[in-house]
Amino acid sequence: MLCMQNNIERDNLTLFSAFLERLVSTNSEYKLIIDAIIMEARLLINNEKDLYSIDRDNFDIILYLEENASELIQSKTNFDQEDYKALFEMINQNKFCLQ
């Protein structure tokens, strides 16, 4: 399991988790942001992108998702509420990575 190494990475993952929590609670305000990050992770997992071509602004989150959520993300092109909830729960099960 990949944990965030520094405060900035942890803060980014914590923010992503907060966006997911809002999306799970039916607030779709952050859906486009979350979907873009998940898409980048899926492209990396499926070798359609490499480490040099993924989004630099969300690099640490994408790597975290690649390492920890590849089974959930790999074959999905569209996430539904259950998928977002599963991703949120996976991130929060690893809370020690966020502290």
So with a 6.0 Å cut-off around [atom1] of [X], is the heavy-atom count from everything else above 12?
| X | atom1 | value |
| --- | --- | --- |
| Glu71 | CD | no |
| Leu51 | CG | yes |
| Lys49 | NZ | yes |

Is the shortest heavy-atom distance from the side chain of Ile38 to the side chain of Asp83 under 4.5 Å? no
Quick one: does Leu63's side chain get under 4.5 Å of Leu44's, heavy atoms only? yes
If you measure from [atom1] on [X] to [atom2] on [Y], what distance do you get to the nearest 0.5 Å?
| X | Y | atom1 | atom2 | answer |
| --- | --- | --- | --- | --- |
| Leu72 | Leu87 | CG | CG | 5.5 Å |
| Glu82 | Glu89 | CD | CD | 8.5 Å |
| Asn78 | Lys76 | CG | NZ | 9.0 Å |
| Leu65 | Ile91 | CG | CD1 | 5.5 Å |

From CA spacing to verdict: side chain to side chain contact (heavy atoms under 4.5 Å, CB included), Phe79, Ile73: CA-CA 9 Å; Phe79 265 48; Ile73 294 172; 4.0 Å; yes
Is the backbone N or O of [Y] less than 3.5 Å from a side-chain atom of [X], with the two atoms forming a donor-acceptor pair by type?
| X | Y | result |
| --- | --- | --- |
| Asp50 | Tyr52 | yes |
| Thr14 | Arg10 | yes |
| Ser25 | Arg22 | yes |
| Gln81 | Leu23 | yes |

In short, Ser53 meets Glu40 closest at the heavy-atom pair O-OE1, 4.3 Å
Smallest heavy-atom separation, Ile45 atom then Gln74 atom, equals CG2-CG, 3.7 Å
Exactly one of Asp57, Asn58, Asn12, Ile54 clears side-chain contact (heavy atoms from CB on, under 4.5 Å) with Ile37, and that residue is Asn58
Cluster partners of Leu43, using ILVMFWY side-chain heavy atoms under 4.5 angstrom, listed by chain and number? Met39
